[in-house]
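Only this structure's heavy atoms are used, side chains among them; waters, hydrogens and symmetry mates stay out. First the proteins, then the strands, lettered A, B, ... as listed; each starts at 1.
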Amino acid sequence: MPELPEVETIRSSLAPALTGRRLEHVAILDPRLTRPEPPEIVARALEGERVADVRRRGKYLVVVFESGRHLLVHLRMTGNVLHPAPEGHRDDPHVRAVVRLDDGSDVIYRDVRRFGTWDLLELGELEAYFAARRLGAEPLSRAFTTASLGRALAGRKAPVKAALLDQRAVAGIGNIYADEALWYARVNPLAPAGGLSGEQIAALRVGVRKALRLGIRRQGATLRDYRGADGVRGQMQEEFRVYGRDGEPCERCGTPIVKTRVAGRGTWYCPSCQALRDAR
DNA sequence: CCCCAGCCCTGGTCGC
DNA sequence: TGCGACCAGGGCTGGG
């Protein structure tokens, strides 16, 4: 599941390959991708656009065109952007779009489960798009402070893990990095978000950044589908402290990691060093 | 506003 | 070997 580190890994290898290139031909094979816009309309609109930059906001990949338009790509669960196109992609039933660049290379969009989306925004629409979704702070930016995290969690009775998964609190965290961040911070995933102490909020901020930075350094986590744009697998799964490790000893205290369910998501934590504490 | 259940979607796994 | 049930979960909608 591509979260911030996976999207950032894709962004960083895509940016030099796409910047300055013109989109010569766009084929959108799955009409779901651009819903509710008709795929033909979006494909024709993209043709002729020249890439100015490839950025990221939360889990969104943002292709910036010289015209001022933006293509927002969200990979959701199983989306991949591949460049250069891998061998045999023409026979791959999961390829949902193909973009021919003016250097003759192809960018492939692949998505097994078809949750991913492409949104083409006109000049000046980007801010409103994110504002409408009330997308939260970038966790690796200077804007992500203990104070800003505290404000985002204040008054919320939901489990802190649910709050971390809410993109309005912090942008870019998904199920894997939420569990890892909580482990680093020694915070129980079920603790009410609004009841954390100042110390716990500070530790959580550090934990979030630590988990995400490690994820970027290891080029994301490949559990099954995720690949970098160059097709390379991530290595972050080798760094998991809790995610998917129920029954294995916590590396800090040796207590077996426990699996539970929070906010409908599989959730792993150490019941000892992430013990549920009374508020304050 | 908050919170949660349910939905979308496919492929892999498990039990029978 | 076949087949149905179930699970993975990001973002969104709708109900309470």
Side-chain angles (χ1 to χ4, degrees), chain A residues 1-8 10 28-37 39 56-62 72-81 91-97 109-119 121 128-136 138-139 150-182 189-196 208 211-212 215 220-227 234 236-237 240 242-246 259-269:
Chain A
M1 341 131 216
E3 306 179 28
L4 188 154
E6 287 75 22
V7 179
E8 178 58 28
I10 290 170
I28 295 172
L29 311 174
D30 179 6
R32 241 199 85 89
L33 190 57
T34 57
R35 229 163 48 175
E37 295 301 318
R56 182 193 55 74
R57 175 80 171 91
K59 300 175 198 170
Y60 291 89
L61 195 61
V62 184
L72 287 193
V73 176
H74 201 301
L75 305 171
R76 289 298 212 288
M77 303 299 300
T78 54
N80 280 139
V81 182
D91 303 319
D92 183 343
H94 300 123
V95 169
R96 310 299 181 192
Y109 179 77
R110 186 176 190 273
D111 188 358
V112 171
R113 288 168 64 185
R114 304 165 67 209
F115 279 133
T117 55
W118 282 20
D119 274 314
L121 305 186
Y129 185 95
F130 290 135
R133 287 158 180 78
R134 290 184 293 160
L135 199 58
E138 277 299 314
R151 278 193 299 275
L153 303 180
R156 300 189 58 167
K157 294 194 167 115
V160 61
K161 163 137 184 201
L164 285 180
L165 293 176
D166 183 346
Q167 303 299 296
R168 294 172 297 187
V170 187
I173 299 174
N175 203 42
I176 290 173
Y177 294 92
D179 281 4
E180 296 297 305
L182 288 163
L190 286 158
L196 297 190
V208 163
L212 294 176
T222 296
L223 296 178
R224 185 185 303 276
D225 297 285
Y226 171 74
R227 297 290 185 280
M236 179 61 186
Q237 63 281 1
F240 288 166
V242 284
Y243 184 86
R245 301 191 59 170
D246 41 311
K259 180 183 184 185
T260 183
R261 219 170 166 79
V262 179
R265 306 295 181 240
T267 298
W268 290 264
Y269 68 102

Rounded distance (Å) that lies between atom P of C:dC7 and atom CG of A:D225: 19 Å
Those residues that, when tested against A:D166, pass salt bridge (charged side-chain N to carboxylate O under 4.0 Å, His left out) (two or more places apart): A:R156, A:R168
Test log, rule ring pair (Phe, Tyr, Trp, His ring centres under 6.0 Å), inputs A:F240 and A:W268: CA-CA 11 Å; A:F240 288 166; A:W268 290 264; 9.1 Å; no
Sugar-phosphate only, base, or nothing, as touched by A:G266 at under 4.0 Å among non-hydrogen atoms: sugar-phosphate
Euclidean distance, atom CG of residue A:D111 to atom P of C:dG11 [Å, nearest integer]: 13 Å
Closest approach of A:L212 to A:P139 (non-hydrogen atoms, all atoms of both residues): CD1-CG, 3.4 Å
Contact under 4.0 Å: A:K59 side-chain N or O vs C:dG11 OP1/OP2: yes
Using nucleotides 3-5 of chain C, report all nitrogen or oxygen pairs with the protein that are shorter than 3.5 Å.
none

Under 3.5 Å donor-acceptor, A:T78 side chain and A:R113 backbone: yes
Side chain A:E180, main chain A:Y243, donor-acceptor under 3.5 Å: yes
Side chain to side chain donor-acceptor pair (under 3.5 Å) against A:H94, all qualifying residues, sequence neighbours excluded: A:R110
Pairwise distance CD(A:Q167) to CZ(A:R57) - rounded to 0.5 angstrom: 9.5 Å
Electrostatic pair A:K59-A:E3, nearest N-O below 4.0 angstrom: no
Main-chain N/O of A:R227 paired to A:E6 side chain as donor or acceptor, under 3.5 Å: no
Side chain to side chain donor-acceptor pair (under 3.5 Å) partners for A:R245, two or more places apart: A:E248
Counterpart residues, salt bridge (charged side-chain N to carboxylate O under 4.0 Å, His left out), relative to A:K161 (two or more places apart): A:D179
Gap between atoms CG and P, on A:L75 and C:dA8 respectively (whole Å): 21 Å
Any A:R261 side-chain N or O less than 4.0 Å from OP1/OP2 of B:dC4: no
Non-neighbouring partners of A:T222 that pass side chain to side chain donor-acceptor pair (under 3.5 Å), sequence neighbours left out: none
Comparing A:A263 and A:R134 on DNA chain B - which has the more 5′ nearest nucleotide: A:R134
Sequence-distant partners of A:Y226, ring-ring contact (aromatic ring centres under 6.0 Å, His included), two or more places apart: none
Nucleotides 12-16 of chain C: which of its N/O atoms have a protein N/O under 3.5 Å away?
unit_1: C:dC12; atom_1: OP1; unit_2: A:R133; atom_2: NE; d: 3.0

Positions of residues 159-182 of chain A (non-hydrogen atom under 4.0 Å from DNA chain B), listed by number: none
What does the list of N/O pairs under 3.5 Å between the protein and nucleotides 9-13 of chain B look like, with a distance for each?
unit_1: B:dC9; atom_1: OP1; unit_2: A:R32; atom_2: NH1; d: 2.3
unit_1: B:dC9; atom_1: O3'; unit_2: A:R114; atom_2: NH1; d: 3.2
unit_1: B:dC9; atom_1: O2; unit_2: A:R113; atom_2: NE; d: 3.1
unit_1: B:dC9; atom_1: O2; unit_2: A:R113; atom_2: NH2; d: 3.3
unit_1: B:dT10; atom_1: OP1; unit_2: A:R114; atom_2: NH1; d: 2.4
unit_1: B:dT10; atom_1: O2; unit_2: A:R113; atom_2: NE; d: 3.4
unit_1: B:dG11; atom_1: OP1; unit_2: A:H94; atom_2: NE2; d: 2.7

Contact under 4.0 Å: A:K259 side-chain N or O vs C:dC7 OP1/OP2: no
Heavy-atom pair with the smallest gap, counting every atom of A:A169 and A:A163: CB-O, 3.4 Å
Helix axis bend for the helix from B:dC2-C:dG16 to B:dC16-C:dG2 - C1'-based end axes, five pairs, 10° rounding: 50°
Nucleotide of C:dG10, C:dA8, B:dC3 approaching A:H74 most closely (side-chain heavy atoms): C:dG10
Sidechain-backbone polar pair: A:R114 side chain, A:R32 backbone, donor-acceptor under 3.5 Å: no
Set of residues satisfying salt bridge (charged side-chain N to carboxylate O under 4.0 Å, His left out) with respect to A:R265, sequence neighbours excluded: none
Sugar-phosphate only, base, or nothing, as touched by A:Y243 at under 4.0 Å among non-hydrogen atoms: sugar-phosphate
